[in-house]
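Let me begin by presenting the structure, written as structure tokens, before commenting on it.
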Amino acid sequence: MSDVAVHHGVMADEYEPSFFGTYSKKIGMWLFLLSDSLTFGALLAAYTYGRVSYGQDGGVSHWPTPFHSESIRNATVMTAFLLTSSLTMVLAVRASVFGNAKLQRLWLLATMACGIGFIVLHGREWSNLIAEGLTLPLFGVPPHAHGAAEFTQVTKTVPQFAATFFGLTGMHMLHVTIGVIYLGVIALRKWFIPILLGCWLVAWLGTPEYSPFHTGAHLLLIGAIVISVIMFLKPKLYDSSDVEVAGLYWHFVDLVWMFIFPLVYLMSTRIV
């Protein structure tokens with residue numbers, strides 16, 4: 001009876017207040033983000049170490065700087081998409097706090113649209129770089145690859161550059177994709193499942209077999225299966241706390257890109 005109090009014949013549950021003064025979902029997300037920050041920290045540290053230590057001659061590193069204005073313009077637009085998505089996510093959380101479900105869904109969909117724009121541009125960037133010769137052994141060789149001498153030389157002489165570049169940006173792109181799926185579930189619930197399956201078919205059938213995105217598209221199928229199981233076992237309506245927790249994840253993904261963009265792109269730009 002220590003956990004139950006009886007008042008006038010009515011039994012009411014008594015719960016101890018949270019040690020952190022907040023609800024468990026938020027604490028769980030903070031703990032996840034703390035562990036995830038270690039993963040990205042290790043990847044960023046590996047890239048930085050390779051950059052400052054590779055082939056030093058007279059204190060100057062010979063780490064490749066192969067990116068040109070086209071890549072920087074593309075990455076800048078990608079950054080604008082993520083910065084805009086942070087604003088729309090804040091507005092979605094605000095709408096949920098005030099109980100405006102329609103406006104909440106609208107801002108969540110806007111955030112998803114920005115995330116999808118980021119993924120599409122990032123996918124195009126990867127495809128162009130692979131076609132120009134910056135690749136990994138596990139990637140297929142495009143039949144139309146023209147193999148720009150600069151990128152091909154980087155791949156042959158400094159394979160660490162391609163490994164750290166694709167590893168770091170690929171991990172971030174995976175997180176953005178998961179974030180879009182996460183927001184889609186909160187915004188549309190079970191109606192998001194057929195949309196996700198449709199996106200999987202388009203991504204799988206619309207990308208050539210040699211593309212890493214042809215295999216990567218199956219992430220969407222896995223996401224649809226996981227969502228279906230969760231919706232079947234525990235259907236629920238998502239409240240403002242769920243939107244806030246999703247916002248924490250999304251802002252973390254945006255913050256990580258603010259480190260990747262200058263370190264990987266701006267500092268790897270060849271200024272002529």
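Worth saying up front: this structure is predicted, and the values here are computed from it rather than measured.
In the hydrophobic cluster analysis, where Ile, Leu, Val, Met, Phe, Trp and Tyr join through side-chain heavy atoms closer than 4.5 angstrom, Leu188 is grouped apart from Ile230. Ile227 and Leu237 are members of different hydrophobic clusters when ILVMFWY side chains are connected at heavy-atom separations under 4.5 Å. When the side chains of ILVMFWY residues are joined at heavy-atom separations under 4.5 Å, either directly or via intervening members, Val77 and Val264 end up in a single hydrophobic cluster. If you chain together hydrophobic residues whose side chains sit under 4.5 Å apart, Phe252 and Leu87 never meet in one group.
Asp239 pairs by the salt bridge (charged side-chain N to carboxylate O under 4.0 Å, His left out) definition with Lys25, not counting sequence neighbours. Phe118 is linked by a ring pair (Phe, Tyr, Trp, His ring centres under 6.0 Å) to His122, His172, Trp257, counting only residues two or more places apart in sequence or in another chain. With sequence neighbours excluded, the residues that form a side chain to side chain contact (heavy atoms under 4.5 Å, CB included) with Ile222 are Val226. Take His175 and apply the side-chain hydrogen bond (donor to acceptor under 3.5 Å, both in side chains) test, not counting sequence neighbours, and it matches Asp36. Under the ring pair (Phe, Tyr, Trp, His ring centres under 6.0 Å) criterion, Phe166 pairs with Trp126, Phe139, not counting sequence neighbours. With sequence neighbours excluded, the residues that form a side chain to side chain contact (heavy atoms under 4.5 Å, CB included) with Phe259 are Leu44, Leu255. Among residues two or more places apart in sequence or in another chain, the side chain to side chain contact (heavy atoms under 4.5 Å, CB included) test is passed with Glu70 by Arg73, Asn128.
The hydrophobic cluster containing Tyr49, built from Ile/Leu/Val/Met/Phe/Trp/Tyr side-chain heavy atoms closer than 4.5 Å, comprises no other residue.
Within the structure, salt bridge (charged side-chain N to carboxylate O under 4.0 Å, His left out) contacts touching residues 224-238 (residues at least two apart or in different chains) are Lys236-Asp242. Residue pairs meeting the side chain to side chain donor-acceptor pair (under 3.5 Å) criterion with at least one partner in residues 179-196, sequence neighbours excluded, do not occur; the list is empty. Applying the side chain to side chain donor-acceptor pair (under 3.5 Å) rule to pairs touching residues 155-164 yields nothing, sequence neighbours excluded.
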Pairs of donor and acceptor atoms involving the side chains of residues 90-107, under 3.5 Å and at least two apart or interchain, shall be tabulated with distances.
| unit_1 | atom_1 | unit_2 | atom_2 | d |
| --- | --- | --- | --- | --- |
| Ser96 | OG | Val93 | O | 2.6 |
| Asn100 | OD1 | Leu103 | N | 3.1 |
| Arg105 | NE | Ala187 | O | 3.0 |

